[in-house]
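All chains are named by letter (A, B, ...) in the order of the sequence lines, taking the proteins before the strands, and each is independently numbered beginning at 1.
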There are 2 protein chains.
Amino acid sequence: MPTERPTIADVAERAGVSKGLVSFALNDRPGVSPQTRERILAAARDLGWQPSLRARALSVNRAFALGLVITRDPEIITGDPFYPSFIAGVERELAPAGQALVLSVVPDEEAELAAYRKLVEDRRVDGIFITDLRHDDARIALADELGVPAVTLGRPEGASPFPAVSMDDRAGIEAAVDHLVGLGHRSIAHVAGPARMLHGSRRRKAFEDAMARAGLRATMIVETDFRAADGARATRDLLARQEDPTAIVYANDPMAIAGLGVAQRSGLRVPEELSITGFDGSDVAEHIFPALSTVATDAVSWGAVAARVLLQEIAGEEPGDTELPPARFIPRESTAASPEPIPRAER
Amino acid sequence: MPTERPTIADVAERAGVSKGLVSFALNDRPGVSPQTRERILAAARDLGWQPSLRARALSVNRAFALGLVITRDPEIITGDPFYPSFIAGVERELAPAGQALVLSVVPDEEAELAAYRKLVEDRRVDGIFITDLRHDDARIALADELGVPAVTLGRPEGASPFPAVSMDDRAGIEAAVDHLVGLGHRSIAHVAGPARMLHGSRRRKAFEDAMARAGLRATMIVETDFRAADGARATRDLLARQEDPTAIVYANDPMAIAGLGVAQRSGLRVPEELSITGFDGSDVAEHIFPALSTVATDAVSWGAVAARVLLQEIAGEEPGDTELPPARFIPRESTAASPEPIPRAER
DNA sequence: CTCCGAACCTAAACCGGTTTAGAGGAGCAG
DNA sequence: CTGCTCCTCTAAACCGGTTTAGGTTCGGAG
């Protein structure tokens, strides 16, 4: 049976000083003579004293934890390559700082707001991550109302009192389009994410801009919910159209992989007859056949930097916005020269 | 500016009673007259009082949180379909109970033990989940030493003081083998998980048993680290052997998808020339071509039940071991009748 | 020799709850 | 009327730290 864990009072007694002085010594604060400090530290060591995070939390009014809420239908959360890496990056910063991550996974936006509110009102966390920004994102106002430090992944549309950590995903999409145009494609479609999600519409805009710059019309765009099933549906839609795309730019990898499945199933050869690009650099995308050309984002760094910024903010500094290296396009096997434009009927 | 949040003392003053009585009233404990109780509740409501979790944590010596440590190389964590669903299930139980989940993601086993220890010694959590059991798992002893309630996913090998929540994954593997044998396959290989992970070796054993029962020899088994890249490597190994498998049973979906890629790349038609099965029922597996026959596990329920058991344990009950419905095999398109056994040379 | 300030330290308040010991009053039995 | 019990409630201790106000001691300046 583990004997009662020693408290600061035990240390004080053993060192023959007052509680307060022990606290000073242990926190490296001035006003303690070197000998006494040494004696106190020795006593603490002898007793195997460890600070009680709870007592500290109560007296200094800090949680020593950060909060993240992920909004995903639990049945379909699988397959998203972003969060696990992001969290690993966050952890990389938090662990050495003695902070922890409190995670909530909720099914919808209503529950999301409630979860953030609860986390903050319970004072479980000192700051929150706001990921997957949406248009008119209610979380910005909520965090502001709650007076909690926050960091946003990407810059929100309106004014935001919080620092943003952004990664230019436009560059990756543009590079993908440029790559395809360079291969002779002129009929390029885009399977977009939800328009209400900022990165969904931003990638779509990037697609449109890149097409325009290439002198092409971006007419074939299908909106999805980012899920593999919807990526498959969107691909079927596109392949059923009059004007047949010779290339499809997907807003994420799971949809691209599902789209590849649809194309292959309908007898289309990839990349000979249809080129495909993904987004997010998931592990498995590299190993399918043909290997998926995709846009890699460094979610690990994103998490690490966001965590660092949030900690700075909590510490009272005023970190500015941060721009991470842009997402970069990785050509692999799923993209190739555009086929001769042969009317579908003759195929 | 949010005015200072009211404390229990404010409520007491407004209701004209002592702090202690307020605490009694708010916790529905006997010894408070109905009128007074009503007055106290009204006062709390008027002031918008909310309990301070921190103060409560300190006085009742509880964290109101559970801990989970995930061990994965951050660079390759992506693609694992299990944890996101598992966590969603956990959350489903925790949120209504007013509990939170503290998550750590660490790169290796050493850091894993340190993370658990830190979580518990900091008293950040009241109980821990032990997932991905290994042989001679040091975490059992650690949890025992720390005296922290725990729940294991699956039954560990040795004696364990903790309740286990298990899902029979053997059944799924056996069903997969039976399915393949029924299709005429006799040369079936297995791409296994790490032998030191319990579910890795258990699935392998299930494979061997099922093969034996069918009167077949389980000679073609390759061990991997569960990652897509290693699944691809294992597949190349198998396809390079003398005795050519007509079917491969993979220990998880990412490896199966990668293996499919390898097969297709080498010109093998799936399922006509090679049948493939996966494990875990990831979202995307359903949408590739051919759609992956796989074994579905209900990770969401697993999380929910594990959380419930852990909460019971913390509440002082002594929940027994739980057995979830077994994993079940879902035949799709990646499995078909065995090809005629034609020596490779003639193909 | 006196006075002042710095250095070191103690005692006590504080964070915001829970819990215990016991006070006071009402109701009831004897 | 007395004594006992039960009910309701208060005061204070407690959880384990941090922080503040203030008390000693000592050396050096005047």
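For L58(A) and R29(A), each mapped to the nucleotide of DNA chain D holding its nearest heavy atom, the one lying further toward the 5' end belongs to L58(A). Nearer to the 5' terminus of DNA chain C, by closest-nucleotide assignment, is the contact made by R37(A) (compared with the other of R37(A) and L26(B)). Nearest-nucleotide positions on DNA chain D place S33(B) closer to the 5' end than the other of V60(B) and S33(B).
Residue I40(B) contributes atom CD1, which lies 14 Å from atom C1' of dT18(C) at whole-angstrom precision. If you take CD1 of I8(B) and C1' of dC14(D), they are 14 Å apart, rounded to a whole angstrom. Note: CZ (F64(B)) to C1' (dG17(C)) measures 10 Å, nearest angstrom. Spacing between atom CG of D28(A) and atom P of dT18(D) amounts to 12 Å, rounded to whole angstrom units. Distance D122(A) CG to dG17(C) P: 12 Å, rounded to the nearest Å. Rounded to whole Å, atom P of dG16(D) lies 22 Å from atom CZ of R62(A). Rounded to whole Å, atom C1' of dC9(D) lies 11 Å from atom CZ of R39(B). Whole-Å rounding puts the E13(B) CD to dG16(C) P distance at 14 Å.
Heavy-atom neighbours of Q50(A) CD from other residues, nucleotides or ligands within 6.0 Å: above the threshold of 12. Heavy-atom neighbours of E313(A) CD from other residues, nucleotides or ligands within 6.0 Å: above the threshold of 12.
Contact record, V102(A) with A100(B): CG1-CB, 3.8 Å, taken as the closest heavy-atom pair.
Within the 4.0 Å cut-off from OP1 or OP2 of dC9(C), at least one side-chain nitrogen or oxygen of T36(A) is found. For dG17(C), the OP1/OP2 oxygens have a side-chain nitrogen or oxygen of W49(B) closer than 4.0 Å. Between R56(A) and dT18(D) there is a side-chain polar atom (N or O) within less than 4.0 angstrom of OP1 or OP2.
Closest to the T7(A) side chain, of the nucleotides dT18(D), dG16(D), dT10(C), is dG16(D). With dG17(D), dT18(C), dG16(C) as the candidates, the nucleotide lying closest to the side chain of S59(A) is dG17(D). The side chain of L21(B) sits closest to dC9(D) out of dT18(C), dG17(C), dC9(D). Out of dT20(D), dC8(C), dG17(D), the shortest distance to the side chain of F24(A) is found at dT20(D). Comparing atom distances between the S18(B) side chain and each of dC9(C), dT18(C), dA11(D) picks out dA11(D) as nearest.
When heavy atoms are screened at a 4.0 angstrom cut-off, N61(B) is found touching no nucleic acid atom at all. Nucleic acid contact for Q50(B): sugar-phosphate only, since backbone atoms but no base atoms lie under 4.0 Å from a heavy atom of the residue. Contact annotation for V22(A): no contact, since no heavy-atom pair falls under 4.0 Å across all strands.
Here OG1 of T131(A) is found 5.5 Å from CG of L68(A). Values are rounded to the nearest 0.5 Å.
In this model, a donor atom of one side chain and an acceptor atom of the other lie less than 3.5 Å apart for S104(B) and E91(A).
Ring geometry for F86(A) against F82(A) counts as parallel: the plane angle stays under 30°, on a 0 to 90° scale with 60° as the upper cut.
Applying the 3.5 Å distance criterion, the base of dG17(C) shares a donor-acceptor pair with the side chain of K19(B).
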